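Since the structure comes first, as structure tokens, the remarks are kept for the end.
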Amino acid sequence: MDISTQQTAPPPPPTPLPSPAEQKRAARGATRPGDRIFLGLSRGSGIFVLVLMAAIAAFLTYRTVIALSENEANFFTSFDWSPTGNPPEFGIAVLVYGTVVSSVIAMIIAVPVSVGIALFITHYAPRRLSGSIGYVIDLLAAVPSIVYGLWGALVLMPHLDGLYGWLNDYLGWTGVFSWNGGVARSLFTVGILLALMILPIITSVSREVFRQAPQMHQEAALALGATRWEVIRMSVIPFGRSGVISASMLGLGRALGETMAVAMVLSPVFDINASLLDPGGGTFAQNIASKFNEANPLGRDALIASGLVLFVITLLVNGGARLIIARRKEYSGASA
């Protein structure tokens, strides 16, 4: 046969690509039943949380509108809390001041101590000792709030006279740390107690962040002759800075909403004092817990209105923590 007369067979037609709808049907068909069930349960749980949060916000907003419609004072600037008066007048200025000041004091005390404990556990303590200390720190997070409150009222307050006297002698001229010698039922005592309560949270999160610092960076710094503190300062702390900030904000969220422990050590005087050592002040959670049972319907609506403010503040704090964590996706899991 002559090769020149041989005809080449035509190529086969290209196989058409499946449409997007067919691809989705094929993917659903290839998914195992257990995966579909788990996906449905996970999606339903997420939707349920959103619905629950929306329901709580709607309930608080509805009762807040009722309370504010009867209030004769400025809700944000008034120093009075008398919803049973004639006319009813109540405001959250004292509560905002007490909540913010006590939480700031707690953060100033707890954050440096927590970071120091986390660094000691991860980079200084022997393995056996670090495991024991970490276990004890984790146990502190499981202690009920009422136990902290009892300890603060029966043990902490009677032993603060020396500290209060020292602050009054050396810093009393500022007016912020002046003390008249009364019982230590003040915002400063509340701040110390809250610092002990949020310390396990900040320590645990900071410890896990410091453990995930790149080992190669630390070994490189040691190879160049850096001391252990220089390794921590140049490699560990910069890597864990965002984690420490997010841990601090998580601790702040608990400090803002703490109830029973604060109610047991804080004076019920609804007033603002320039000195942090004098009795007085209040927080949102403490005010709700102490006055809810004896309040009339309008008083309960007023307390719910203050709870809405605390609800918004807590959401903002936790949202800020989430944003900070998302910046370091390599350890936070924010990209999941």
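Because the structure is predicted, anything quoted here is derived from the model rather than measured.
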Taking [X] for the side chain and [Y] for the main chain, is one N or O donor matched with an acceptor at less than 3.5 Å?
X: S82; Y: E89; value: yes
X: S103; Y: V100; value: no
X: S132; Y: R128; value: yes
X: S145; Y: M260; value: no
X: T203; Y: P200; value: no

Minimal non-hydrogen separation, [X] against [Y], with atom names:
X: S248; Y: M107; answer: O-CE, 3.1 Å
X: A247; Y: S206; answer: CB-OG, 4.0 Å
X: F75; Y: S306; answer: CZ-N, 4.0 Å
X: I192; Y: I105; answer: N-CG2, 4.5 Å
X: A141; Y: R254; answer: O-NH1, 4.3 Å
X: L194; Y: A106; answer: CB-CB, 3.6 Å

Margin query: For Y170 and W166, take the angle between the two ring planes, folded into 0 to 90°, and tell me which bin it lands in: parallel under 30, tilted 30 to 60, perpendicular over 60.
Written below: tilted
Notebook entry, point to check: Would you call the rings of Y164 and F188 parallel, tilted or perpendicular if under 30° counts as parallel and over 60° as perpendicular?
Noted result: perpendicular
Next item on the list: Only one of D138, V115, I202 passes side chain to side chain contact (heavy atoms under 4.5 Å, CB included) with R207; say which it is.
Entry: D138
Is there a side-chain contact between [X] and [Y] (heavy atoms, below 4.5 Å)?
X: W81; Y: V94; answer: no
X: V262; Y: S102; answer: no
X: I121; Y: F210; answer: no
X: K291; Y: N287; answer: yes
X: L156; Y: V265; answer: no
X: T99; Y: L256; answer: yes
X: F90; Y: D80; answer: no
X: L276; Y: V101; answer: yes

Checklist line | From CA spacing to verdict: side chain to side chain contact (heavy atoms under 4.5 Å, CB included), M264, W151 | finding: CA-CA 10 Å; M264 297 185 69; W151 179 84; over 6 Å; no
Going only through I, L, V, M, F, W and Y residues with side-chain contacts under 4.5 Å, is there a path from [X] to [Y]?
X: I137; Y: Y135; value: no
X: F76; Y: V96; value: yes
X: L160; Y: V183; value: no
X: Y148; Y: V113; value: yes
X: L60; Y: L52; value: yes

To the nearest 0.5 Å, what is the distance between [atom1] ([X]) and [atom2] ([Y])?
X: D301; Y: T64; atom1: CG; atom2: OG1; value: 8.0 Å
X: L298; Y: T84; atom1: CG; atom2: OG1; value: 8.5 Å
X: E208; Y: T122; atom1: CD; atom2: OG1; value: 9.5 Å
X: S204; Y: L199; atom1: OG; atom2: CG; value: 9.0 Å
X: D278; Y: W179; atom1: CG; atom2: CH2; value: 10.0 Å
X: T189; Y: L277; atom1: OG1; atom2: CG; value: 8.0 Å

Notebook entry, point to check: Considering residues, nucleotides and ligands other than Y62, do more than 12 of their heavy atoms fall under 6.0 Å from its OH?
Noted result: no
Check: So F311 and T61, side chain to side chain contact (heavy atoms under 4.5 Å, CB included) or not? Walk me through it.
Finding: CA-CA 11 Å; F311 180 77; T61 303; over 6 Å; no
Next item on the list: Decide side chain to side chain contact (heavy atoms under 4.5 Å, CB included) for W229 and Y124; before the verdict, give the C-alpha distance in whole Å, the side-chain angles of both, and the deciding distance to 0.1 Å.
Entry: CA-CA 10 Å; W229 162 241; Y124 286 96; 4.1 Å; yes
